[in-house]
Amino acid sequence: MRPALRFDRVTKTFLHHRGQMLLRDRLVEMTRPSERPRFEALKDISFELMPGGSLGLIGSNGAGKSTILNMATGLSLPDRGAISVNGRVTPLLELGAGFHPDLTGAENISVNAALMGMTRRQAAERFEEIVEFSGVREFINETLRVYSAGMAVRLAFSVAVACDPELLLIDEVLGLGDQAFYARCLEKLKSLQSEGKTIVLASHSAELITMLCQRALWIERGQIVKQGTAAEVVAAYKAAEA
């Protein structure tokens with residue numbers, strides 16, 4: 001059986017930002033090698049996740065967790081190494097990504113579902129399921145501008161899990177809803193796991209990683225500190241913080 005997600009000695013670097021630049025200077029940088037220093041967001045990262053497995057990513061801000069998720073979606077490519085993904089990827093990485101503030105909640109469901117690979121018919125068939133799970137029915141025909149951050153992420157999460165994901169990527173968004181919705185999210189994720197879906201969750205919450213993930217990866221400054229069972233990795237992470 002092939003892994004659902006595999007990183008093989010992956011390294012990713014980015015140029016340090018120089019602040020404001022004239023357009024002509026930016027064009028020059030696009031056509032010539034830059035002399036600006038680079039920093040390593042990821043350095044020689046290797047791991048694999050089998051179908052139906054769950055992996056937690058834990059570490060401080062800027063450790064490289066979001067870079068791993070972005071590269072798993074194909075939004076960013078490695079400088080060195082190889083990444084293989086097998087299965088339909090559903091990302092929930094950034095609050096409001098794919099949503100337009102001038103469209104209603106209902107319109108945003110249609111647009112976001114299409115971006116995640118749903119046909120128009122599938123989106124229509126699952127519309128009521130999405131609205132019911134999100135708990136924003138009262139505002140579904142209002143523009144997204146009147147939504148709170150929590151309401152928007154509830155809608156985004158509801159669309160993502162309705163897309164029948166094979167590989168679900170989640171980046172620090174579960175804590176933005178209220179407690180009732182948070183409990184529904186946990187229940188839904190456990191249901192997806194029981195159906196054999198693969199989940200990668202980046203979070204600062206050791207409790208959440210332990211609750212939802214079989215294995216975990218502790219990363220700092222773009223390098224793996226420890227990987228193993230979620231309980232082992234979280235214990236080491238908490239001990240280092242103490």
Side-chain angles (χ1 to χ4, degrees), residues 4-5 54 57 65-77 85-205 208 212:
L5 177 63
S54 52
L57 304 177
K65 303 185 300 296
S66 296
T67 302
I68 289 175
L69 294 180
N70 281 322
M71 296 182 78
T73 66
L75 293 174
S76 183
L77 299 176
V85 179
N86 296 295
R88 183 172 55 259
V89 176
T90 300
L92 188 57
L93 306 184
E94 184 178 347
L95 175 63
F99 280 12
H100 195 290
D102 293 326
L103 298 179
T104 67
E107 291 167 337
N108 272 296
I109 288 176
S110 298
V111 172
N112 208 238
L115 291 174
M116 291 189 176
M118 272 196 205
T119 65
R120 184 176 299 180
R121 179 176 179 179
Q122 288 172 328
E125 289 173 346
R126 298 174 192 173
F127 180 83
E128 283 299 318
E129 172 190 340
I130 293 168
V131 174
E132 183 64 26
F133 189 88
S134 70
V136 298
R137 185 178 297 277
E138 182 181 354
F139 298 91
I140 200 63
N141 292 313
E142 301 288 343
T143 64
L144 215 68
R145 291 187 183 279
V146 307
Y147 283 43
S148 67
M151 290 167 64
V153 78
R154 281 155 58 181
L155 193 61
F157 183 89
S158 301
V159 175
V161 296
C163 288
D164 192 27
E166 293 177 334
L167 174 57
L168 181 61
L169 308 175
I170 307 173
D171 189 7
E172 282 295 2
V173 295
L174 296 183
L176 294 177
D178 56 33
Q179 284 301 310
F181 185 74
Y182 178 74
R184 291 208 302 278
C185 286
L186 296 183
E187 183 179 350
K188 183 63 177 180
L189 289 175
K190 290 177 180 178
S191 174
L192 290 173
Q193 287 178 315
S194 69
E195 295 171 9
K197 309 301 184 183
T198 308
I199 296 173
V200 182
L201 169 67
S203 178
H204 291 292
S205 171
L208 192 60
L212 289 175

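All figures in this text were calculated on a predicted structure; none of them were measured in a lab.
With sequence neighbours excluded, the residues that form a side-chain contact (heavy atoms from CB on, under 4.5 Å) with Leu75 are Asn70, Thr73. Take Ser110 and apply the side-chain hydrogen bond (donor to acceptor under 3.5 Å, both in side chains) test, not counting sequence neighbours, and it matches no residue.
Note that SG of Cys163 and CD1 of Ile130 are 6.5 Å apart. Values are rounded to the nearest 0.5 Å. Atom CE of Met71 and atom CG of Leu169 lie 13.0 Å apart (nearest 0.5 Å). With values rounded to the nearest 0.5 angstrom, Phe133 atom CZ is found 6.5 Å from Lys188 atom NZ. Rounded to the nearest 0.5 Å, atoms OG (Ser191) and CG (Leu186) are 12.5 Å apart. With rounding to the nearest 0.5 Å, the separation of OG1 in Thr104 from CD1 in Ile140 is 7.0 Å.
Judged by distance alone, with hydrogens and angles left aside, the side-chain atoms of Arg154 form a donor-acceptor pair with the main-chain N or O of Ser134 at under 3.5 Å.
For the pair His100 and Asn108, the minimum side-chain heavy-atom distance is below 4.5 Å. Proximity of Asn112 to Leu155: side-chain heavy atoms (C-beta onward) are nowhere separated by under 4.5 Å. Side-chain contact check for Val200 versus Ile68: every heavy-atom pair is 4.5 Å or farther apart. When side chains are defined from C-beta on, Leu192 counts as touching Glu195, because their heavy atoms get closer than 4.5 Å. Between Lys190 and Glu187 there is no side-chain heavy-atom pair separated by less than 4.5 Å. Residues Leu5 and Val89 have side chains not in contact (no heavy-atom distance under 4.5 Å, counting atoms from C-beta outward). Annotation: side chain of Val146 is not in contact with side chain of Met151 (no heavy-atom distance under 4.5 Å).
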Practice problem: Apply the test side chain to side chain contact (heavy atoms under 4.5 Å, CB included) to residues Leu168 and Lys197: give CA-CA distance (whole Å), side-chain angles for both, the deciding distance (0.1 Å), then the verdict. | Solution: CA-CA 8 Å; Leu168 181 61; Lys197 309 301 184 183; over 6 Å; no

Practice problem: In sequence, state the C-alpha distance, the side-chain angles, and the governing distance for Val131 and Ile109, and then conclude on side chain to side chain contact (heavy atoms under 4.5 Å, CB included). | Solution: CA-CA 9 Å; Val131 174; Ile109 288 176; 3.9 Å; yes

Quiz prompt | Check against side chain to side chain contact (heavy atoms under 4.5 Å, CB included), Met118 and Glu125 | solution = CA-CA 10 Å; Met118 272 196 205; Glu125 289 173 346; over 6 Å; no

Self-check item: side chain to side chain contact (heavy atoms under 4.5 Å, CB included) between Leu201 and Leu208, worked out
Solution: CA-CA 9 Å; Leu201 169 67; Leu208 192 60; 3.9 Å; yes

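Across Leu167 and Ala4, no two heavy atoms sit closer than the pair CD2-O, 4.2 Å. Residues Thr90 and Met116 approach most closely at CG2-SD, 3.8 Å, considering heavy atoms. Taking each heavy atom of Val153 and Gly150 in turn, the nearest pair found is CG1-O, 3.2 Å.
Pairs passing the side-chain hydrogen bond (donor to acceptor under 3.5 Å, both in side chains) check and including a residue from residues 138-150, sequence neighbours excluded, read Asp102-Arg145.
When each of Ser66, Pro91, Ser203 is tested with Asp171 by the rule side chain to side chain contact (heavy atoms under 4.5 Å, CB included), just one qualifies, namely Ser66.
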